[in-house]
Amino acid sequence: ASDSGAPFTVTVSTGAVCNNLTASGLDQTMTLSGSTAMSIYGNLSVPATNFTQSYTGTITFAGTGSETITTNGKTFTAFTFDGVGGTFTLQDALTLSGTATLTNGTLALGSYTFTCSTFSSSNANARTISFGTSKIVITSAAATPVWTTTTVTNLTTSGTQLVELTGGGATTKTINTGALSEANSISFTLSTTAGTVAFNANNTVRNLTIANNSFTLSNVAITIYGNLTVNGTAPTLTTGANAWTFAATSGTKTITTNGETLAFPLTFNGAGGTWALQDALTIGDGITSRTVTLTAGTLELNSYTFTLFGVFSSSNSNTRRIQMSGSGGKIVLVVVSATSLWGSATVTNMTTDGNVLVQVTGGGVTSNSINPGQLSEADAMSFQLSRTSGTISFNTSDRVKNLTIDNNSFTVSNIQITIYGNLIVGGTNVTLTDGSNAWTFAATSGTKTITTNGETLDFPLTFNGVGGTW
């Protein structure tokens with residue numbers, strides 16, 4: 001308290017070190033000033049009233065025990081947390097106008113929001129961010145790395161694990177999460193209102209939420225362990241060749257795009273993970289062919305349409321599944337330029353659930369191949385050929401469930417295939433190439449139908465299914 005009965009100033013000088021820094025019982029206004037660095041080995045507590053600060057230096061919390069930070073709504077400039085084995089626990093919301101650095105110890109948010117311009121913790125020391133039930137908010141509008149955990153050795157996280165990026169500015173804000181593990185990965189909500197946001201290549205995140213604001217997100221290869229939510233079409237997701245990889249290894253994760261197109265490749269590669277569409281999903285811009293790869297895990301379409309301007313690939317021996325829960329959903333392959341449209345030649349450990357339908361659309365004079373491999377009767381997928389020109393070819397000995405050929409002016413090559421379900425030819429506009437390769441009908445139960453609408457099948461047919469009727 002002021003002995004003079006008047007406002008007073010405390011100036012931080014060079015080499016300032018203290019145990020606890022506490023301002024309390026003030027009957028006049030105290031101003032904390034100065035610009036040199038200060039170290040606190042205990043607690044920081046300042047009151048809500050009769051306290052102001054113009055201090056612009058960095059405060060380093062160096063305690064090795066359990067320390068607390070109480071700011072009562074006062075904004076400081078920069079904090080460094082550097083106490084080996086120490087825990088620094090917020091007692092209320094904390095706001096910094098500058099950088100927060102975690103060098104050693106545990107930063108514990110509890111239920112309070114920690115707001116700072118930028119955050120850095122890139123070293124090999126033992127350190128923890130305990131988010132509790134709250135989050136870190138990044139406010140920088142400058143062209144700078146706004147989050148840096150490039151070196152993630154000995155970095156652990158817990159709680160909500162959420163960082164929100166806000167602010168504007170016609171600048172590029174860089175996020176570098178490093179390669180955090182699935183357990184330690186952090187969710188990012190991108191709520192910036194202008195400029196560009198760019199992750200670094202091969203960064204990992206938990207949930208990625210992209211607000212419906214007018215900013216650009218660069219195309220960089222990242223790994224997502226949780227949900228993807230794009231809240232609308234206002235942001236620009238840059239087209240490119242760098243894939244986003246969904247890599248959850250447990251539980252069901254969701255993908256919601258609200259009409260936004262993802263014009264870059266996607267990879268699903270998480271043994272034990274499931275990714276469920278929450279609305280229609282479109283991959284590709286119709287100019288450059290993009291690839292969606294199912295390496296491991298389950299792709300759940302629900303009842304939504306998954307449109308791909310390019311190639312779907314899933315040819316390996318990992319456990320993987322395409323699932324259609326509900327009706328009306330399908331995968332639509334739009335011909336862009338790629339020769340192969342569907343590739344699952346190796347079907348070992350590949351299964352499907354429900355009536356998975358793949359529709360092939362688009363024109364052009366190209367010859368495009370479909371290779372669903374030799375799936376069992378239970379797992380075979382239905383194909384609808386809806387091209388308006390060009391040629392479609394299956395691979396020898398491919399197996400399908402239902403085969404529907406629309407009445408458009410395109411050609412289907414004569415290749416030996418097996419059909420476990422119905423055959424429907426929409427009319428005589430399509431050209432079914434004649435030849436010596438047989439189509440084999442192989443259903444082992446129920447009654448399947450054959451409808452040709454006047455089209456001649458000038459190639460052999462074989463009916464070979466014990467218990468089947470055609």
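What you see is a predicted model; the values in this text were computed from it and never measured. The chain is numbered in sequence order, starting from 1.
A donor-acceptor contact closer than 3.5 angstrom links the side chains of Thr156 and Thr128. Side-chain contact of Asn104 with Asp82: a donor-acceptor pair under 3.5 Å is present, judged by distance alone. Defined by atom type and a distance below 3.5 Å, a donor-acceptor pair is missing between the side-chain atoms of Thr223 and Thr204. Between the side chains of Ser191 and Glu164, at least one donor-acceptor pair of N or O atoms lies under 3.5 Å.
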Next on the checklist: Under the criterion side chain to side chain donor-acceptor pair (under 3.5 Å), I'd like the reasoning laid out for Thr118 against Thr99: C-alpha separation, chi angles, the key distance, then a yes or no.
Outcome noted: CA-CA 5 Å; Thr118 61; Thr99 298; 2.6 Å; yes
Item to check | Pair Thr113-Ser134, side chain to side chain donor-acceptor pair (under 3.5 Å): steps then yes or no | outcome: CA-CA 6 Å; Thr113 299; Ser134 196; 3.3 Å; yes
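Atoms CG and CD, from Asn395 and Gln416 in turn, are 11.5 Å apart once rounded to the nearest 0.5 Å. In this structure, the separation between CD1 on Ile138 and CD1 on Ile175 is 8.5 Å, given to the nearest 0.5 Å. For the atom pair Leu299 CG and Arg321 CZ, the distance stands at 12.0 Å (nearest 0.5 Å). Rounding to the nearest 0.5 Å places CD1 of Ile222 at 5.0 Å from CZ of Phe199. Note that NZ of Lys135 and OG1 of Thr160 are 9.5 Å apart. Values are rounded to the nearest 0.5 Å. Remark: Ile331 CD1 to Phe306 CZ distance equals 6.5 Å, nearest 0.5 Å.
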Using residues 432-439 as the side-chain source, report each donor-acceptor pair under 3.5 Å to any protein atom, sequence neighbours left out, with the distance given to one decimal.
{"residue": "Thr433", "atom": "OG1", "partner": "Val412", "partner atom": "O", "Å": "3.1"}
{"residue": "Asn437", "atom": "ND2", "partner": "Asn414", "partner atom": "O", "Å": "3.1"}
{"residue": "Asn437", "atom": "ND2", "partner": "Asn414", "partner atom": "OD1", "Å": "3.3"}
{"residue": "Trp439", "atom": "NE1", "partner": "Ile415", "partner atom": "O", "Å": "3.1"}

With a 3.5 Å cut-off and sequence neighbours excluded, list the donor-acceptor pairs that the side chains of residues 229-236 form with protein atoms.
none

List the atom pairs, with distances to 0.1 Å, where a side-chain N or O of residues 385-392 and a protein N or O form a donor-acceptor pair under 3.5 Å, not counting sequence neighbours.
{"residue": "Ser386", "atom": "OG", "partner": "Gln359", "partner atom": "NE2", "Å": "2.9"}
{"residue": "Ser386", "atom": "OG", "partner": "Asp406", "partner atom": "OD2", "Å": "2.6"}
{"residue": "Arg387", "atom": "NE", "partner": "Ser389", "partner atom": "O", "Å": "2.9"}
{"residue": "Arg387", "atom": "NH1", "partner": "Thr366", "partner atom": "O", "Å": "3.2"}
{"residue": "Arg387", "atom": "NH1", "partner": "Asn368", "partner atom": "OD1", "Å": "2.5"}
{"residue": "Arg387", "atom": "NH1", "partner": "Thr391", "partner atom": "O", "Å": "3.2"}
{"residue": "Arg387", "atom": "NH2", "partner": "Gly363", "partner atom": "O", "Å": "2.6"}
{"residue": "Arg387", "atom": "NH2", "partner": "Gly364", "partner atom": "O", "Å": "3.3"}
{"residue": "Arg387", "atom": "NH2", "partner": "Thr366", "partner atom": "OG1", "Å": "3.4"}
{"residue": "Arg387", "atom": "NH2", "partner": "Ser389", "partner atom": "O", "Å": "3.2"}
{"residue": "Ser389", "atom": "OG", "partner": "Gly364", "partner atom": "N", "Å": "2.9"}
{"residue": "Ser389", "atom": "OG", "partner": "Gly364", "partner atom": "O", "Å": "2.7"}

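The side-chain hydrogen bond (donor to acceptor under 3.5 Å, both in side chains) pairs that include a residue from residues 297-307 are Glu300-Gln323, Glu300-Ser325, where partners are two or more places apart or lie in different chains. For residues 166-181, the side-chain hydrogen bond (donor to acceptor under 3.5 Å, both in side chains) pairs, not counting sequence neighbours, are Thr150-Asn176, Thr171-Lys173, Asn176-Asn203, Ser181-Asn184. Residue pairs that meet the salt bridge (charged side-chain N to carboxylate O under 4.0 Å, His left out) test with at least one member in residues 453-470, sequence neighbours left out, do not exist here. Residues in residues 90-119 take part in no salt bridge (charged side-chain N to carboxylate O under 4.0 Å, His left out) pair, two or more places apart or across chains. Counting only residues at least two apart or in different chains, side-chain hydrogen bond (donor to acceptor under 3.5 Å, both in side chains) contacts with residues 258-268 are absent.
A pairwise comparison of heavy atoms in Ala263 and Thr239 identifies CB-CG2, 3.2 Å as the closest pair. Of all non-hydrogen atoms in Gly284 and Arg290, the two that sit nearest each other are CA-CG, 4.0 Å. Contact detail for Val356 and Met324: the closest heavy-atom pair is CG2-CB, 4.2 Å.
For the pair Phe79 and Leu102, the minimum side-chain heavy-atom distance is 4.5 Å or more. Phe268 has its side chain out of reach of Thr245: every pair of non-hydrogen atoms, C-beta onward, lies at least 4.5 Å apart. Taking the side chain as every heavy atom from C-beta outward, Thr209 and Leu190 never approach each other to under 4.5 Å. A heavy-atom distance below 4.5 Å is not found between the side chains of Phe61 and Glu67. The closest side-chain heavy-atom distance from Thr139 to Thr115 is below 4.5 Å. Between Met350 and Ser344, the closest side-chain pair of non-hydrogen atoms falls below 4.5 Å. In this structure the side chain of Leu266 reaches within 4.5 angstrom of the side chain of Phe246, judged on heavy atoms. Looking at heavy atoms from C-beta onward, Leu109 lies out of side-chain contact with Phe88 at the 4.5 angstrom threshold.
With sequence neighbours excluded, the residues that form a side chain to side chain donor-acceptor pair (under 3.5 Å) with Ser314 are Arg320. Every residue two or more places apart in sequence or in another chain that forms a side chain to side chain donor-acceptor pair (under 3.5 Å) with Trp147 is listed here: Thr149. Applying the side chain to side chain donor-acceptor pair (under 3.5 Å) criterion to Ser185, with sequence neighbours excluded, gives no partner residue. Partners of Thr444 according to the side chain to side chain donor-acceptor pair (under 3.5 Å) rule, which considers only residues two or more places apart in sequence or in another chain, are Glu377.
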